[in-house]
Student: 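I'd like to ask some things about the structure below.
So you know, we letter chains A, B, ... as the sequences are listed, proteins then strands, and number each from 1.
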Amino acid sequence: MTVVTRVAPSPTGDPHVGTAYVSLFNWAWAKRNGGRFILRIEDTDRARSRPEHEVQILEALAWLGIVPDESPAVGGPYAPYRQSERGALYAEHAQRLLASGRAYRCFCTSERLAALREEQKAAKADLGYDGLCRALDPAEAERRAASEEHVVRLAVDKAGTTRFIDLLRGEIVIENRTVDDQVLLKSDGMPTYHMANVVDDHLMGVTIIMRAEEWIPSVPKHVMLYDAFGWTPPTFAHVPLLRNADKSKISKRKNPTSLLWYREQGYLPEALLNFLALQGWRPDGDVELFDVDTFVERFEPSRISTGGPVFDLTKLDWVNGEKIRALAPGELARRLVSGGFAAGWTEERLLAVLPLFRERLVRLSDFADQARYLREAVEPCLDDLLPKIKKEDPGVVAAALAEAADLLEARAGQADEPREEALRALAASRGLKVGSLFMGLRVAVTGRGASPPLLPSIDLVGAAESARRVRELAARLVPAC
RNA sequence: GGUCCCAUCGUCUAGCCAGGUCUAGGACAGGUGCCUCUCACGCACCAGACAGGGGUUCGAAUCCCCUUGGGACUACCA
């Protein structure tokens, strides 16, 4: 049987990292098995759904390289893939349920429902619909339905238990008395998630549902629906929820959750993917870095671990640094330019300076700041310099810097070693520690106490300009009277 | 409150299903050192966990039970 997976995000906000996480698994599993991966938009909440968010979701997943075989954008044999456009289908299926007595119309107002909930809370009773309208005569309900606002609810048999197999956890048994008479069709005619996902997953031929574990408690409703329709449920695999540091479900208040943010920060898509895959899965005992093809080749849903992983950016940073260093120089240059991280730079010029920066970049966005001194004179950070030379005489340092400036100009174009030797000799002749001289030059030329290697930096800046910056700093160390 | 899920270093995890090879392995972060003109990279080393208690067994991180802790759900949101 062809493997068919899906992801069903709601277009109610920025594209979410959790969507990427679940999509990755679903996409990879379909791909590994030569199956189909469907992206379905769950936009049945008319108040919160926005078309622009749908576009962003598609774009963010495309950025990651996760391309659905079927989606609102490319269509497919089971179109439409937007639930708001599938209303007739849900109405028709609700009708079937109504006819077989597995669902009923409910005319209760939201006010009554709210009051009911308060009562139940106060009495510490189980929460849920009390079934008032379930007692209505069906013919009578049908009559009222023509003119009165109402919803359609699932008629849950409260006796016994519902059991199902979760691929990661084994059998899960839930008492039916805890299952609510869930609303299937809202008063605006839109289906709820429960109704829509069951109907769509069945109609679209989905064979395995991989989604977040927050859905486990509602699986019985879904199982009952499959049963009411006479359908066989797909396999269920509930993946753990990504967590904040305090273990609560990941949230934008405590973590960056927008995929747009990761792109803007200069995380490589392959790094984010690798990192996300690591949250619950790894190919082999010790291997942590792998490319997406390897992931697709080896991914096995049943081996996803069940503990909720705390989302930790420091590990992502490490993965990103590794992936950056694994990039061919030309490719890194391309990414910097196309991602907008190197404004004013051409790929060709970038190629010449990248050897100095590639092992210093954690995020692509680090480049602009680290390389600023190549394009303009950066205000020297004296706080970086002064502590390093506090044992030296400022006048001596200034004089040595001035001399070094001359030397650098005179020896422009020379190889690194002879110039370095000359600088060392210069420091020695002035009674300076080599490090003090170099630090002075570094702060003068790059503005910072931490920078790429000095001589190559000077070559890139240009000997004349470098010398100018050095003289300027020297003058500052000993102000002329 | 009720229901369900989960539980190995600070974090991500291997090991658990098929108990012994586990004085529990790796990675990130942290510490120390090496390299070195700084930072970074790289390398080496150090520190750091089976939540607790019962059971089963010759033997339990691994199986069972209880406790504790954490989480999710409990909407005409998904």
Side-chain angles (χ1 to χ4, degrees), chain A residues 8-10 12 42-45 47-49 106 108 110 113-114 117 120-121 123-129 149-153 166 168-170 172-175 177-180 182-188 190-194 196-197 211-220 238 240-241 243 245-249 275 278-282 284-289 302 305-319 321 325 356-362 370 384 388 420 423-424 427 433-443 446 448-455:
Chain A
S10 215
T12 52
E42 308 238 344
D43 57 351
T44 55
D45 183 340
R48 295 199 303 148
S49 295
C106 171
C108 291
S110 41
L113 262 18
R117 206 161 15 246
Q120 290 169 334
K121 262 186 198 161
K124 292 191 186 254
D126 283 0
L127 269 29
Y129 184 59
E149 189 165 89
H150 67 284
V151 302
V152 174
R153 285 181 184 276
D166 179 88
L168 313 190
R169 301 156 233 269
I172 293 175
V173 183
I174 294 177
E175 298 170 65
R177 67 168 184 80
T178 70
V179 182
D180 198 14
Q182 183 65 48
V183 170
L184 263 21
L185 242 38
K186 305 184 234 182
S187 55
D188 66 0
M190 281 287 167
T192 56
Y193 171 85
H194 308 284
N197 107 82
R211 71 228 315 168
E213 68 175 330
E214 57 186 329
W215 292 106
I216 290 178
S218 49
V219 173
H238 291 90
L241 240 20
R243 312 295 183 103
D246 64 5
K247 306 276 191 185
S248 58
K249 170 162 99 170
F275 171 72
L278 243 22
Q279 307 304 296
W281 187 89
R282 53 205 58 207
D284 203 332
D286 291 346
V287 179
E288 305 218 7
L289 294 173
S302 64
S305 45
T306 47
V310 171
F311 199 80
D312 182 9
L313 249 9
T314 60
K315 183 112 182 195
L316 206 212
D317 280 337
W318 169 72
V319 174
R325 272 166 255 134
L356 296 196
F357 296 94
R358 52 184 274 139
E359 60 213 24
R360 268 163 265 263
L361 297 178
V362 172
Q370 288 183 14
D384 278 0
K388 298 277 188 182
E420 183 174 336
L423 286 171
R424 283 173 181 278
K433 290 207 299 191
V434 174
S436 298
L437 208 221
F438 273 82
M439 186 53 74
L441 293 170
R442 176 186 320 287
V443 171
T446 72
R448 309 275 169 73
S451 80
L454 186 60
L455 267 359

Student: Work out how far the P atom of B:G52 is from that of B:U11, and round it to whole angstrom.
Tutor: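 Comparing P positions in B:G52 and B:U11 gives a spacing of 15 Å.
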Student: Walk me through it: do A:Arg211 and A:His238 pass the test side chain to side chain contact (heavy atoms under 4.5 Å, CB included)?
Tutor: CA-CA 5 Å; A:Arg211 71 228 315 168; A:His238 291 90; 3.1 Å; yes
Student: Given B:A78, B:G25, B:A72, which nucleotide is nearest the side-chain atoms of A:Leu241?
Tutor: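 So the side chain of A:Leu241 is nearest to B:A72.
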Student: Can you check whether A:Thr306 has a side-chain N or O nearer than 4.0 Å to OP1 or OP2 of B:A7?
Tutor: yes
Student: If only side-chain N and O atoms of A:Lys247 are considered, is one of them under 4.0 Å from the OP1 or OP2 phosphate oxygen of B:G69?
Tutor: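 Negative; the distance criterion is not met.
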Student: Look through every strand shown and name the nucleotide pairing with B:A24 as Watson-Crick or G-U wobble, where both distances are under 3.5 Å.
Tutor: none
Student: Below 3.5 Å, does any donor atom in the side chain of A:Lys315 face an acceptor in the base of B:A29, or the other way round?
Tutor: no
Student: Mind calculating the distance between NZ (A:Lys249) and P (B:C5) to the nearest angstrom?
Tutor: 18 Å
Student: Tell me: CZ of A:Arg177 to C1' of B:C73, nearest whole Å?
Tutor: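 Distance check: A:Arg177 CZ to B:C73 C1' gives 15 Å.
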Student: Could you walk me through whether A:Asp312 and A:Lys315 pass the salt bridge (Lys or Arg N to Asp or Glu O under 4.0 Å) test, one step at a time?
Tutor: CA-CA 6 Å; A:Asp312 182 9; A:Lys315 183 112 182 195; over 6 Å; no
Student: Quick one, A:Leu289 with A:Val319, criterion side chain to side chain contact (heavy atoms under 4.5 Å, CB included). Give me CA distance, side-chain angles, the key distance, then yes/no.
Tutor: CA-CA 7 Å; A:Leu289 294 173; A:Val319 174; 4.1 Å; yes
Student: Which base sits across from B:C45 as a Watson-Crick or G-U pair, both distances under 3.5 Å?
Tutor: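 Across any shown strand, B:C45 pairs with B:G31.
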Student: Which part of the nucleic acid does A:Ser248 contact within heavy-atom distance under 4.0 Å: base, sugar-phosphate only, or nothing?
Tutor: sugar-phosphate
Student: Give one of base, sugar-phosphate or nothing for A:Arg424, where a contact means two heavy atoms less than 4.0 Å apart.
Tutor: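 A:Arg424: backbone/sugar contact only, no base atoms under 4.0 Å.
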Student: Considering residues at least two apart in sequence or located in another chain, which fulfil the ring pair (Phe, Tyr, Trp, His ring centres under 6.0 Å) criterion with A:Trp318?
Tutor: none
Student: Does any N or O donor sit under 3.5 Å from an N or O acceptor when you compare the side chain of A:Thr192 with the base of B:C76?
Tutor: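 Looking at the base of B:C76, it does not pair with any donor or acceptor on the side chain of A:Thr192 (distance under 3.5 Å).
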Student: Assign each of A:Leu168 and A:Trp281 to its nearest nucleotide of RNA chain B by heavy atoms, then name whichever residue's nucleotide is nearer the 5' end.
Tutor: A:Leu168
Student: Answer with base, sugar-phosphate or nothing: what part of the nucleic acid does A:Val443 contact at a heavy-atom distance below 4.0 Å?
Tutor: nothing
Student: Report the distance from atom CE of A:Met190 to atom P of B:A78, rounded to the nearest whole Å.
Tutor: 10 Å
Student: Return the nearest nucleotide to the side chain of A:Asp286; candidates are B:G26, B:C37, B:C76.
Tutor: B:G26
Student: Using a cut-off of 4.0 Å on non-hydrogen atoms, how would the nucleic acid contact of A:Gly435 be classed: base, sugar-phosphate, or nothing?
Tutor: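 No contact.
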Student: Fit a plane to each ring of A:Tyr193 and A:Trp215, take the angle between them on a 0 to 90° scale, and name the class: parallel (under 30°), tilted (30 to 60°) or perpendicular (over 60°).
Tutor: parallel
Student: What integer number of Å spans the C1' atoms of B:U3 and B:U13?
Tutor: 30 Å
Student: Using a heavy-atom cut-off of under 4.0 Å over every strand shown, decide if A:Ser10 touches base, sugar-phosphate, or nothing.
Tutor: sugar-phosphate
Student: Before giving the answer on side chain to side chain contact (heavy atoms under 4.5 Å, CB included), spell out for A:Asp166 and A:Val219 the whole-Å C-alpha distance, their side-chain angles and the decisive distance to 0.1 Å.
Tutor: CA-CA 10 Å; A:Asp166 179 88; A:Val219 173; over 6 Å; no
Student: Could you work out which one of B:C37, B:C5, B:A72 sits closest to the side chain of A:Ile216?
Tutor: B:C5
Student: To the nearest Å, how far apart are A:Glu213 CD and B:C6 P?
Tutor: 8 Å
Student: What's the verdict on side chain to side chain contact (heavy atoms under 4.5 Å, CB included) for A:Val287 and A:Arg282, showing C-alpha distance, side-chain angles and the deciding distance?
Tutor: CA-CA 7 Å; A:Val287 179; A:Arg282 53 205 58 207; over 6 Å; no
Student: Checking base pairs now: Watson-Crick or wobble, both atom distances under 3.5 Å. What partners B:G19?
Tutor: none
Student: Given B:A78, B:G1, B:G26, identify the nucleotide with an atom nearest to the side chain of A:Thr44.
Tutor: B:A78
Student: By nearest atom, which of the nucleotides B:A14, B:U3, B:C37 is closest to the A:Ile174 side chain?
Tutor: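 Looking only at side-chain atoms, A:Ile174 lies closest to B:U3.
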Student: Counting only side-chain heavy atoms from C-beta out, which of B:C76, B:U74, B:C5 sits nearest to A:Ile172?
Tutor: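 Closest of the options to the side chain of A:Ile172: B:C5.
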Student: Starting at atom CG of A:Leu356, determine the distance to atom P of B:U36, rounded to an integer number of angstrom.
Tutor: 19 Å
Student: Would you kindly compare A:Arg325 and A:Gly280 by the position of their nearest RNA chain B nucleotide and give the one closer to the 5′ end?
Tutor: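 Its nearest nucleotide being more 5', the pick is A:Gly280.
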Student: Checking A:Thr178 side chain against A:Glu175 main chain: does a donor-acceptor pair fall under 3.5 Å?
Tutor: yes
Student: Report yes if a donor N or O on one partner sits less than 3.5 Å from an acceptor N or O on the other, where the partners are the side chain of A:Glu288 and the base of B:G26; otherwise report no.
Tutor: yes
Student: Can you tell me, in whole Å, how much space there is between the C1' of B:G42 and that of B:C35?
Tutor: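 Comparing C1' positions in B:G42 and B:C35 gives a spacing of 8 Å.
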Student: Please work out if A:Pro9 contacts a base, only the sugar-phosphate, or nothing of the nucleic acid, heavy-atom cut-off 4.0 Å.
Tutor: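 No contact.
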Student: Provide the closest heavy-atom pair for A:Cys106 versus A:His150 in the form atom of the first, atom of the second, distance.
Tutor: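 So the two residues come closest at O-CB, 3.2 Å.
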Student: From CG of A:Leu313 over to P of B:C12, roughly how many Å is that when rounded to an integer?
Tutor: 14 Å
Student: Using the P atoms only, state how far B:A78 lies from B:G31, rounded to an integer number of Å.
Tutor: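 Comparing P positions in B:G31 and B:A78 gives a spacing of 48 Å.
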Student: Need one value for A:Ser187: base, sugar-phosphate or nothing, where a base atom within 4.0 Å counts as base even if backbone is also close, heavy atoms only.
Tutor: base
Student: Please state the P separation for the pair B:G30 and B:C77 - nearest whole angstrom.
Tutor: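 Roughly 46 Å separates the two P atoms.
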Student: When both hydrogen-bonding distances must be under 3.5 Å and the geometry is Watson-Crick or G-U wobble, what is B:A60 paired with, if anything?
Tutor: none
Student: Counting side-chain heavy atoms from CB outward, which of B:U3, B:C28, B:A78 is closest to A:Glu175?
Tutor: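 Among B:U3, B:C28, B:A78, the one nearest the side chain of A:Glu175 is B:U3.
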Student: From the set B:A29, B:C37, B:A78, return the single nucleotide nearest to any side-chain atom of A:His194.
Tutor: B:A78
Student: Which is true for A:Val310 with a 4.0 Å heavy-atom rule: it touches a base, it touches only sugar-phosphate, or it touches nothing?
Tutor: sugar-phosphate
Student: With rounding to whole Å, what would you report as the distance between B:A14 and B:C22 at their C1' atoms?
Tutor: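 Approximately 12 Å lies between the C1' atom of B:A14 and that of B:C22.
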Student: In whole Å, what separates the P atom of B:C9 from that of B:A51?
Tutor: 7 Å
Student: Counting only side-chain heavy atoms from C-beta out, which of B:A78, B:C28, B:G2 sits nearest to A:Asp126?
Tutor: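 The answer is B:G2, which lies nearest to the side chain.
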Student: Both distances below 3.5 Å, Watson-Crick or wobble geometry, any strand: find the nucleotide opposite B:C4.
Tutor: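 Here B:C4 is engaged in a pair, and the nucleotide opposite it is B:G71.
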Student: In whole angstrom, give me the gap between the C1' atoms of B:A47 and B:A27.
Tutor: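 About 16 Å, rounded to a whole number of Å.
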Student: Rounding to a whole Å, what distance do you find between A:Arg243:CZ and B:C5:C1'?
Tutor: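 After rounding, the gap between these two atoms is 9 Å.
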Student: Report the distance from atom CG of A:Asp312 to atom P of B:C12, rounded to the nearest whole Å.
Tutor: 8 Å
Student: Does A:Arg169 get its side chain close enough to the base of B:C5, under 3.5 Å, for a donor-acceptor pair?
Tutor: no
Student: With a 4.0 Å cut-off on heavy atoms, is A:Pro453 in touch with a base, just the backbone sugar-phosphate, or nothing at all?
Tutor: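 Since a base atom lies under 4.0 Å of A:Pro453, the category is base.
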